[in-house]
Amino acid sequence: MTNVPLEKLCDYACEDADLTLQLKEHFEPKLKEAKQSAPFEQIECPLIPVLIEMEANGIAFDTEILSEISTKLAIQIDTYKKQIHELAGHEFNINSPKQLGEVLFDEMFLVENPKKTKTGQYQTNEEVLHKLVDDHKIIQIILDYRSATKLKSTYVDALPKEISANTKRIHTTFSQAVTTTGRLASSNPNIQNIPIRTEQGEEIRRAFIPRSGNFTLLAADYSQIELRIMAHLSGDEGMKQAFIDGEDIHTATAARVFGVALNEVTKEQRRRSKMVNFGIIYGISAFGLSQRLRIPKKEATEIIENYFAQYPAVKTFMDNTIATARDKGTVETISGRIRHIRDINSSNQTVRSAAERYAINAPIQGSAADLIKIAMIRIEKMLRGKKTKLLLQVHDELVFDLHTDEQHLITEIQKQMEDAIPLDVPLTVECGTGENWLQAH
DNA sequence: TCTCTGCTCAC
DNA sequence: CAAGTGAGCAGAGAC
């Protein structure tokens, strides 16, 4: 075992349950000797065998469900393609942003001064096309074409190729050391970006199924984990109270920002507040918010000012985090995971502002990663000797093969996730089961 | 075959 | 200039 490169071993382990066990036994004592830092010793090292097991477990996959979708998409794509070529007056490669831009803007003149990319091509992304949707009927068809080809090439046709000949399951690779914040990454295939937002997209999740008739899929999701971490780290009383009272955070935020009662919040107000809440986590600008909400910049500025007036400790937290980054060149998560922030003192405002956004986002996103990793380590320990298996992690969600005789584990898993790190606000986890990943949500 | 670009999927 | 973290696809061009 010692003569084989570790990477290879992990590959083989996916196909070989006995080797997986050997790897786990090999790692655990060695890792205890390593001494570097709390997140390294307490989180990353004990997580290694957990990830090895998840990769080895794999998730069962029903290709037949997808073949139906594939045929449907192929017909749609063909129809769109013909309509687009007809409206354009000639054939061209719609998949080429370069060719598409030339058709729309050099031949059809749909815009006076089209935006260009840094290489001088016309921009044809979703945002640009959406603005033109009422100007010409070709635009909506292009958007539909893009969405259909994306689903077909990236998911419907690609996922079946990833099924292991031995296990008949899909075994992703989790990268533990590629992200700047402490999140995991998933590849070959990436199971962390399986569609869910559109009706046609979410159908793909039906193909992810339990390993046999004695199992169901269990999905356990943290609710609003990043905003709860913001409430905790900032100590903002108003935001904390909203979570303690079990309120819908976007509605509660809207009530405060727009100065109305909770039951008077309109859908539009909630939508705007939701965007602001997300913006806060990412490091917001008035311009960015105005673009996303499609409102004047002045209005966006007003909303942000109201937000900070209502959640003053959030503003203080953001200022303090940036000050620390300037002072020490680093920021930290709850577990002490460090991110170095370069360019925080740059004289170039664009560069400096970007560094400030990284400084604000890293403790939030990284602490969420700490939390779920701790939960994974404890849950894997709890599941030893059980039939239920941990399969996937999608940043704030864990997916399991749940044995039908082990229903009691749902509450145990939920508890482990909610209690991973005690915060000043409650953490809530929603669990669902089903015959596929879509149903489990 | 490799690398870069533009785009789009997720949290 | 302008919202954080990733991965994968097709096109396009260098080699």
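- The aromatic ring of A:Tyr282 sits over the base of C:dG4, with ring centres less than 5.5 Å apart and planes inclined by under 30°.
- Of all nucleotides listed (C:dC1, B:dC9, C:dG8), C:dG8 comes nearest to the side chain of A:Asn190.
- For A:Tyr311 and A:Tyr307, the gap between ring centers is short of 6.0 Å.
- Side-chain atoms of A:Arg146 and base atoms of B:dC7 include no donor and acceptor less than 3.5 Å apart.
- A:Thr124 has a side-chain polar atom (N or O) that falls below the 4.0 Å cut-off from OP1 or OP2 of B:dC7.
- The phosphate of C:dT5 has neither OP1 nor OP2 within less than 4.0 Å of any side-chain N or O from A:Thr179.
- Taking 3.5 Å as the limit, the base of C:dG4 and the side chain of A:Gln365 contain a donor-acceptor pair of atoms between them.
- Contact annotation: A:Thr117 side-chain N/O to B:dG6 OP1/OP2 distance is under 4.0 Å.
- Of the candidate nucleotides C:dC1, C:dA3, C:dG6, C:dA3 has the atom lying nearest to any side-chain atom of A:Met275.
- The CG atom of A:Asn125 sits 14 Å away from the C1' atom of B:dC9 (whole-angstrom rounding).
- Note that A:Lys297 lies outside the cation-pi zone of A:Phe287, set by a 6.0 Å cut-off to the ring centre and a 45° limit from the axis.
- Closest contact between the side chain of A:Arg292 and the listed nucleotides C:dG6, C:dC1, C:dA3 involves C:dA3.
- At B:dC11, one or more side-chain N or O atoms of A:Arg197 fall inside 4.0 Å of OP1 or OP2 (strictly under the cut-off).
- Not one side-chain nitrogen or oxygen of A:Arg183 sits closer than 4.0 Å to the OP1 or OP2 atom of C:dT5.
- The side chain of A:Thr180 places an N or O atom within less than 4.0 Å of a non-bridging phosphate oxygen (OP1 or OP2) of C:dG6.
- When rounded to the nearest whole Å, the span between CG of A:Leu143 and P of B:dC7 equals 12 Å.
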Under 4.0 Å protein heavy-atom contact, by nucleotide of nucleotides 9-14 of chain C - B base, S sugar-phosphate only | SSSS--
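- Ion pairing between a basic and an acidic side chain is recognised when a charged N comes within 4.0 Å of a carboxylate O; A:Glu268 and A:Arg271 show such pairing.
- Side-chain atoms of A:His171 come within 3.5 Å of backbone N or O of A:Ala56 as a donor-acceptor pair.
- For the pair A:Thr119 and B:dG6, the criterion of a side-chain N or O lying under 4.0 Å from OP1 or OP2 is met.
- Atom-to-atom, CZ of A:Phe174 to P of C:dG6 comes out at 16 Å; the value is rounded to the nearest Å.
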